[in-house]
2 protein chains.
Amino acid sequence: MLKYALLGFLNYLSASGYDLKQLMDVSTSNFWHAKQSQIYTTLKKLEGEGMVVSHVEPQESRPNRRVYQITEAGQAHLREWLDQPLMVIEPRKETLLLKLFFSAQLDPQAILTQLRLQRNLHQADLEKYQTATRDVISQFAASTDMADDAQLWEAARRFGELYEEMFIRWLDETIALVEGWEA
Amino acid sequence: MLKYALLGFLNYLSASGYDLKQLMDVSTSNFWHAKQSQIYTTLKKLEGEGMVVSHVEPQESRPNRRVYQITEAGQAHLREWLDQPLMVIEPRKETLLLKLFFSAQLDPQAILTQLRLQRNLHQADLEKYQTATRDVISQFAASTDMADDAQLWEAARRFGELYEEMFIRWLDETIALVEGWEA
DNA sequence: ATTATGATATATAAAAGTTTATATAAAGGA
DNA sequence: TCCTTTATATAAACTTTTATATATCATAAT
């Protein structure tokens, strides 16, 4: 799946592995992320498959950059994936839910500590989507003439916002439930 | 992570790999899932680590069952994991969002087809949480005296319900956005 | 003035986790 | 007769994470 993310970015602009990592961190991290090592190995694999080509750009006072460019085959491969509708719901993995599911044997106070800690983390995440992420997208939208693209990026950001609102609501409900056990 | 899910179930009752797959499918699939092959190999690994022990139960007219039982070491290992709070937010991966992020080059009608298809899937999932999953939990709660456990399972089910409501809301917003492009 | 750190930049090895595919075997229902 | 359910197991492939290595510049702290 990561390969489509990389092809998706390279379809907009040529970039190095380092660039792609930065791009993902500020744009898709809400719904797709990857470690630096995976990005570098996947780019190498994509080059082997003819989906991208690369050249080294020498730099003074900085290590050389290896810049990747999408090929026609890469564009066709990306397009094929975009065209074909997703027929399933992606199964989620939520470690917090798994822990909670088996936590009845814990002290209620220990459960509450864990839930409140997560509430703080999700609150911070929500605020990030409402400020920093929002600003990045609106700046990019204003600086280019890609109105449709920017609207889809905004929709993706909006998902993160709604997700965090939902998560906080669920945490508040669940905290109230466990608080009731002590009475 | 799967190992904790298996230990969590085995802490309630002894079970075979087959049983554990069925249990996960009707209870944790909302936030944790695994393939049969992974369950079998993980159980074998857990046995090698002394977390569980197994014995074969011969059956007439059915293949023999290998039933796993949690050990004291296994219980301690589970307990340790449950005790230690989760300090991070689990990064999500949502293929639909990734596709949408790069879909501006597609025909708006193709985007709408994909979003509406997902809406149907999520609507069906939501109804499943509101009926079948809810019934399984309330039946189990009534048949045992594990009130706290059942309330946490209900909280986990509730997460699935809120998640699907949120997803459908986001899909409706996004469908309306793309519908606006055609005017 | 020196030291520490963080950012820029790429790369690989090893381990861990997960999916896909395949094999076997028998009962029971459509 | 065919499909589904019950039941376990392994090989191969793929994906992802963790850890480590190298090198330089700019800035901040001591």
Side-chain angles (χ1 to χ4, degrees), chain A residues 1-7 14-26 28-29 31-49 51-52 54-68 81 87-95 98, chain B residues 1-7 14-26 28-29 31-49 51-68 77 81 87-95 98:
Chain A
M1 214 82 288
L2 174 61
K3 69 173 177 176
Y4 296 113
L6 299 176
L7 290 174
S14 294
S16 68
Y18 191 86
D19 296 334
L20 289 163
K21 172 66 174 154
Q22 312 305 310
L23 277 170
M24 288 186 75
D25 286 351
V26 296
T28 66
S29 60
F31 50 87
W32 210 270
H33 65 96
K35 303 282 174 186
Q36 177 255 48
S37 59
Q38 199 191 355
I39 291 174
Y40 279 99
T41 50
T42 304
L43 283 170
K44 191 164 267 191
K45 207 180 152 203
L46 281 170
E47 189 163 34
E49 292 165 356
M51 301 298 173
V52 300
S54 76
H55 65 273
V56 174
E57 275 185 9
Q59 293 198 125
E60 289 163 36
S61 84
R62 285 272 174 261
N64 291 344
R65 292 158 49 81
R66 177 172 292 275
V67 176
Y68 290 87
W81 177 70
M87 308 291 280
V88 293
I89 294 184
E90 289 289 281
R92 290 175 292 288
K93 290 199 174 175
E94 278 288 347
T95 305
L98 185 65
Chain B
M1 213 80 292
L2 174 61
K3 69 174 177 176
Y4 297 114
L6 298 177
L7 290 173
S14 293
S16 67
Y18 190 85
D19 296 335
L20 289 162
K21 172 63 174 156
Q22 311 306 310
L23 278 170
M24 289 186 76
D25 285 350
V26 296
T28 66
S29 59
F31 49 88
W32 210 269
H33 65 97
K35 302 284 175 186
Q36 177 254 47
S37 59
Q38 198 191 355
I39 291 174
Y40 280 100
T41 50
T42 304
L43 283 169
K44 191 164 266 189
K45 206 180 154 205
L46 282 170
E47 189 162 35
E49 293 165 356
M51 301 299 174
V52 300
V53 288
S54 75
H55 65 274
V56 173
E57 276 185 9
Q59 292 198 122
E60 290 162 35
S61 85
R62 284 271 174 263
N64 291 343
R65 290 157 52 80
R66 177 173 292 276
V67 176
Y68 289 87
H77 193 64
W81 177 70
M87 308 291 279
V88 293
I89 294 184
E90 289 289 285
R92 290 175 292 289
K93 290 200 174 174
E94 280 286 349
T95 306
L98 186 64

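Lettering follows sequence order; numbering is per chain, from 1. Since this is a predicted model, take the numbers as computed values, not measurements.
Remark: P of D:dT6 and CD of B:Gln22 are 6 Å apart, rounded to the nearest angstrom. Atom P of nucleotide C:dT10 and atom NE2 of A:His55 are separated by 11 Å, given to the nearest angstrom. Taking atom CH2 on A:Trp32 and atom C1' on D:dT15, their separation rounds to 10 Å, with Å as the unit. If you measure from atom CG of B:Asp25 to atom P of D:dT6, you get 11 Å, rounded to the nearest angstrom. Atom NZ of A:Lys21 and atom P of C:dA7 are 13 Å apart (whole Å). Distance CG (A:Leu20) to C1' (C:dT10): 13 Å, rounded to an integer number of Å. Counting to the nearest Å, the P atom of D:dT17 and the CE atom of B:Met1 are 13 Å from each other. A straight line from CG of B:Leu6 to C1' of C:dG17 spans 13 Å, rounded to a whole angstrom.
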In residues 32-41 of chain B, what donor-acceptor pairs under 3.5 Å come from side-chain atoms, sequence neighbours left out?
unit_1, atom_1, unit_2, atom_2, d
B:Tyr40, OH, B:Tyr18, N, 3.4
B:Thr41, OG1, B:Ser37, O, 3.0
B:Thr41, OG1, B:Gln38, O, 3.1

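The 5' end of DNA chain D is approached more closely, in terms of each residue's nearest nucleotide, by B:Arg65 than by the other of B:Arg65 and B:Pro91.
Note on A:Lys93: only backbone sugar-phosphate atoms sit closer than 4.0 angstrom, heavy atoms only; bases stay farther off.
Atom OG of A:Ser14 and atom NE2 of A:His55 lie 7.0 Å apart (nearest 0.5 Å). A distance of 5.5 Å separates CE in A:Met24 from CG in A:Leu2, rounded to the nearest 0.5 Å.
A distance-only check finds no donor-acceptor pair linking the side chain of B:Asp25 to the backbone of B:Gln22 [under 3.5 Å]. Between the A:Thr28 side chain and the A:Phe31 main chain, no donor and acceptor come within less than 3.5 Å of each other. In this structure, the side chain of B:Glu57 does not engage the main chain of B:Val67 through any donor-acceptor pair within 3.5 Å.
Using a 4.0 Å cut-off, some side-chain N or O of B:Tyr18 falls inside it from OP1 or OP2 of D:dT6. Remark: A:Tyr40 is in phosphate contact with C:dT10, judged by side-chain N or O atoms under 4.0 Å from OP1 or OP2.
Taking all atoms of both residues into account, the shortest heavy-atom contact from B:His77 to B:Tyr4 is NE2-OH, 3.4 Å. Across B:Thr95 and A:Met1, no two heavy atoms sit closer than the pair CG2-SD, 3.7 Å.
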Short heteroatom pairs, N/O only, protein and nucleotides 18-21 of chain D, under 3.5 Å:
unit_1, atom_1, unit_2, atom_2, d
D:dT18, O4, A:Ser37, OG, 2.6

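Interface residues of residues 41-48 of chain A facing DNA chain C, ordered by number: A:Thr41, A:Lys44; criterion, heavy-atom separation under 4.0 Å.
A heavy-atom distance below 4.5 Å is not found between the side chains of A:Leu6 and A:Val52.
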